Peer 1: 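Below is one structure. I have some questions about it.
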Amino acid sequence: MKSILLIGLGRYGRHVARKLHAMHHEILAIDKNEDLVNQVLAYTNNALIADTTDRHFLESLGVSNFDTCIVAIGDDFQSSLETTLQLRELGARYIVARASSSIHERFLRRNGADEVVYPEKQLALWTAIRYGSNHLLDYFELSPGYAVYEISMPAVWAGHTIGELDIRRNYHVNVLGIKVGGSLTVEITPQTMLRAEDSILVLGKQEDMERFVKF
């Protein structure tokens with residue numbers, strides 16, 4: 001269980017609060033809007049109505065005691081930057097900040113964010129890749145150029161074992177798992193038989209994927 005300071009309770013922040021609560025983390029949530037604070041009371045250990053650009057208020061929280069500080073402010077550029085900078089100056093261990101534009105993202109990094117999430121951009125990329133393909137069922141980017149893909153079983157693989165195909169050597173991707181009837185199995189061996197009706201999870205570069213899957 002981690003202790004999380006969550007600042008900003010718009011739609012994004014509230015979704016974060018609910019998920020962290022479901023994961024049994026300890027959450028202190030903060031927003032200037034009383035109505036938004038009231039909406040997350042059931043999903044937090046404590047929730048406060050406050051302006052996090054107020055340095056004295058942030059000092060009173062002991063931000064260095066939290067494992068992670070999440071700045072989920074998306075619609076107030078200045079408040080987002082000020083809050084991030086002050087968290088850094090007050091000794092926050094790890095700061096994750098939400099960006100609403102590319103410029104916002106750059107300034108957040110300059111102001112001390114350890115990691116920046118840009119939900120609209122990340123979801124747009126996922127949507128374009130996922131629905132621009134006839135065979136891609138899901139997609140998760142791990143780093144620029146590398147991702148985990150769930151794909152329909154390539155026709156040339158169906159009816160063969162992992163060992164027969166020597167997938168890693170011949171296709172430069174790693175098989176992580178196979179979905180059989182909606183259930184995922186990760187117990188993969190060279191003798192694992194691939195079936196046309198199953199889907200497969202692989203890790204690799206997009207250019208390597210495109211060699212055998214039409215995106």
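Just so it is clear, the structure is predicted and the values come from calculations on it, not from any experiment.
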Peer 1: Could you see if Val63 belongs to whatever hydrophobic cluster contains Ile4? Use Ile, Leu, Val, Met, Phe, Trp, Tyr and a side-chain cutoff under 4.5 Å.
Peer 2: no
Peer 1: Can you see whether Asn111 engages Thr84 through a side-chain donor-acceptor pair at a distance of less than 3.5 angstrom?
Peer 2: no
Peer 1: Among residues at least two apart in sequence or on other chains, which ones pass salt bridge (charged side-chain N to carboxylate O under 4.0 Å, His left out) with Glu105?
Peer 2: Arg109
Peer 1: Identify every side-chain donor-acceptor pair in residues 8-23 under 3.5 Å, counting partners at least two apart or on other chains, and give the distances.
Peer 2:
residue, atom, partner, partner atom, Å
Arg14, NE, Gln39, OE1, 3.3
Arg14, NH1, Leu9, O, 3.0

Peer 1: Say you draw a straight line from CZ of Arg168 to CD1 of Ile162; how long is it, rounded to the nearest 0.5 Å?
Peer 2: 12.5 Å
Peer 1: Please name all residues satisfying side-chain hydrogen bond (donor to acceptor under 3.5 Å, both in side chains) with Tyr146, sequence neighbours left out, ordered by chain then number.
Peer 2: none
Peer 1: With Arg88, which residues qualify under side-chain hydrogen bond (donor to acceptor under 3.5 Å, both in side chains), at least two apart?
Peer 2: Asp114
Peer 1: A quick test of your reading: do over 12 heavy atoms of other residues, nucleotides or ligands sit less than 6.0 Å from CZ of Phe140?
Peer 2: no
Peer 1: Determine all donor-acceptor pairs shorter than 3.5 Å in which one atom belongs to a side chain in residues 46-62; sequence neighbours excluded.
Peer 2:
residue, atom, partner, partner atom, Å
Asp51, OD1, Thr53, N, 3.0
Asp51, OD1, Thr53, OG1, 2.7
Asp51, OD2, Thr53, OG1, 3.1
Thr52, OG1, Thr83, OG1, 2.9
Asp54, OD1, His56, N, 3.0
Asp54, OD1, Phe57, N, 3.3
Arg55, NH1, Glu89, OE1, 2.8
Ser60, OG, Phe57, O, 2.5

Peer 1: When rounded to the nearest 0.5 angstrom, what distance separates CG in Leu81 from CD in Gln78?
Peer 2: 6.0 Å
Peer 1: From Leu28 CG over to Cys69 SG, what is the distance, rounded to the nearest 0.5 angstrom?
Peer 2: 9.5 Å
Peer 1: Not counting sequence neighbours, which residues clear salt bridge (charged side-chain N to carboxylate O under 4.0 Å, His left out) with Asp138? List them please.
Peer 2: none
Peer 1: For Glu150 and Lys179, what are the C-alpha separation, side-chain angles and deciding distance, and is it a side chain to side chain contact (heavy atoms under 4.5 Å, CB included)?
Peer 2: CA-CA 9 Å; Glu150 180 186 352; Lys179 276 192 175 180; 3.2 Å; yes
